[in-house]
Amino acid sequence: MLTLPLLAMLLQLLQACHAAPYSNGFFYHDIMNGNGNGEIYFNGVRLHVETQEKPIFAVRSSNVTLPCHYHYKPQLNTPRRTRVKWSRLPVNGGQETDVLVAIGLRHRSYGEFKGRVHLRQDTPGEVSLVISDLHLNDSGRYRCEVIDGLEDESAVVELELRGVVFPYQPAGGRYQLNFGAAQHACEEQDAALANFEQLFSAWEEGLDWCNAGWLADGTVQYPITQSREPCGGLGLAPGLRSYGLRHRHLHLYDAFCFSSSLRGKVYFLQHPHKLNFTEAVKACKEDRAEIARVGQLYAAWKFLGLDRCDAGWLADGSLRYPIIKPRPNCGPDEPGVRSFGFPAEHHRHGVYCYRAR
Ligand SMILES: *[C@@H]1O[C@H](CO)[C@@H](O)[C@H](O)[C@H]1NC(C)=O
Ligand SMILES: *[C@@H]1O[C@H](CO)[C@@H](O)[C@H](O)[C@H]1NC(C)=O
Ligand SMILES: *[C@@H]1O[C@H](CO)[C@@H](O)[C@H](O)[C@H]1NC(C)=O
């Protein structure tokens with residue numbers, strides 16, 4: 001058997017001679033590949049990388065830590081130099097994207113994560129990823145990969161944002177949006193297209209909507225809690241009905257938007273008289289706020305318990321109100337955000353405003 005110092009020397013030698021590009025973008029020597037030599041050279045020492053099995057839940061704008069630790073079995077006495085790479089796994093077959101690469105105490109972040117991520121290394125072997133100021137579309141599966149020149153091991157952890165899903169139809173009515181327009185419509189409402197997991201959770205919580213809508217992965221689906229003839233038929237069990245992937249430019253549907261917690265607050269504006277739409281926009285401005293968007297009203301209903309039995313204008317020209325405790329003359333028996341569509345803009349109503357903190 002080789003001793004470790006000798007082994008290290010031998011490896012450096014081999015590394016120098018056999019350095020070859022490895023598919024993950026690092027230079028990685030090939031002595032381990034497929035021939036089982038590794039375990040002999042390495043004296044049966046193995047690298048283990050571990051993370052949390054259950055998904056991590058967080059809300060928009062918060063900071064979250066995705067845990068990851070590595071260790072060797074049996075334990076090593078001399079620390080080894082490792083590289084750490086965090087990446088995000090694609091949803092529908094797309095490309096894996098780099099999030100962060102670290103060597104020692106230096107690190108580099110990429111793309112949308114630039115300046116928003118760092119490693120937490122509080123204990124030996126900890127290489128957790130901290131993401132700050134979470135975006136609505138940061139949900140997904142993340143891979144923690146540790147590369148020590150000898151071995152390359154990884155573990156995958158899932159991040160899910162807590163939030164609320166709402167179906168969205170623009171003023172033009174049903175089935176007006178291609179994929180890009182649906183994405184845009186959700187963003188305009190301070191939301192993002194929902195993903196499958198988010199729509200599924202919403203369905204579990206009772207969302208029933210008999211119009212098909214785009215999801216973030218380019219599929220079109222709708223959630224049914226009570227089977228009925230016009231919504232897939234009586235013979236079909238309740239669940240998500242899927243049309244599968246649709247043409248992103250040519251096909252038109254509604255959208256399922258996803259919103260999460262708010263930095264500010266939504267409130268029903270106290271005003272001496274009712275307002276048409278133009279006056280409503282102006283009244284919020286005069287109150288050092290802006291007219292609330294649909295996603296903000298849903299978030300306030302879900303996260304801040306906003307309950308108000310007064311219909312109010314929203315930024316897209318729709319009229320809605322949020323109910324937590326159902327009561328007579330305030331809509332159906334279930335809690336929810338009630339919608340009255342898009343009235344003519346000269347009609348007079350209340351207004352919901354949003355003030356950022
Ligand atoms: C999140 O982390 C950033 C630094 O990365 C810090 O400035 C900010 O205060 C943190 N926010 C919260 C809510 O902890
Ligand atoms: C995620 O949202 C940010 C804005 O919050 C946007 O800049 C980015 O393009 C989005 N990324 C994806 C993959 O949709
Ligand atoms: C709302 O009322 C104002 C007068 O207070 C009027 O100037 C404006 O044109 C009206 N807007 C609409 C959309 O009817």
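First listed ligand is number 1; within each ligand, the first listed atom is number 1. Quantities reported herein were computed from a predicted structural model and do not represent experimental measurements. Numbering starts at 1 and runs along the sequence shown.
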Tell me if a side-chain donor or acceptor on Asp287 pairs with a main-chain N or O of Ala289 at a distance below 3.5 Å.
no
Looking at Tyr243, Phe179, Tyr175, Tyr168, which one forms a ring-ring contact (aromatic ring centres under 6.0 Å, His included) with Trp214?
Phe179
Step-by-step side chain to side chain contact (heavy atoms under 4.5 Å, CB included) determination, Val351 to Glu279
CA-CA 9 Å; Val351 60; Glu279 292 167 337; over 6 Å; no
Here the atoms of ligand 1 under 4.0 Å from any heavy atom belonging to Ser132 are 1 (C), 2 (O), 5 (O)
Within ligand 1, which atoms have a heavy atom of Asn63 less than 4.0 Å away?
1 (C), 2 (O), 3 (C), 8 (C), 10 (C), 11 (N), 12 (C), 14 (O)
Please tabulate protein-ligand N/O pairs under 3.5 Å for ligand 3, atom names and distances to 0.1 Å.
{"residue": "ligand 3", "atom": "2 (O)", "partner": "Asn276", "partner atom": "ND2", "Å": "2.3"}
{"residue": "ligand 3", "atom": "2 (O)", "partner": "Glu279", "partner atom": "OE2", "Å": "3.2"}
{"residue": "ligand 3", "atom": "5 (O)", "partner": "Glu279", "partner atom": "OE2", "Å": "2.5"}
{"residue": "ligand 3", "atom": "11 (N)", "partner": "Asn276", "partner atom": "ND2", "Å": "2.9"}
{"residue": "ligand 3", "atom": "11 (N)", "partner": "Thr278", "partner atom": "OG1", "Å": "2.7"}

Provide the full list of ring-ring contact (aromatic ring centres under 6.0 Å, His included) pairs with a residue in residues 313-339, sequence neighbours left out, each pair given once.
Phe277-Trp313, Trp313-His349, Tyr321-Phe340
Using the rule that two of Ile, Leu, Val, Met, Phe, Trp, Tyr join whenever any of their side-chain heavy atoms come within less than 4.5 Å, decide whether Val156 and Trp86 are in one cluster.
no
Can you confirm whether more than 12 heavy atoms, excluding those of Arg108, are under 6.0 Å from its CZ atom?
no
Lys265 NZ/CZ over Tyr267 ring centroid, <6.0 Å and within 45° of normal
yes
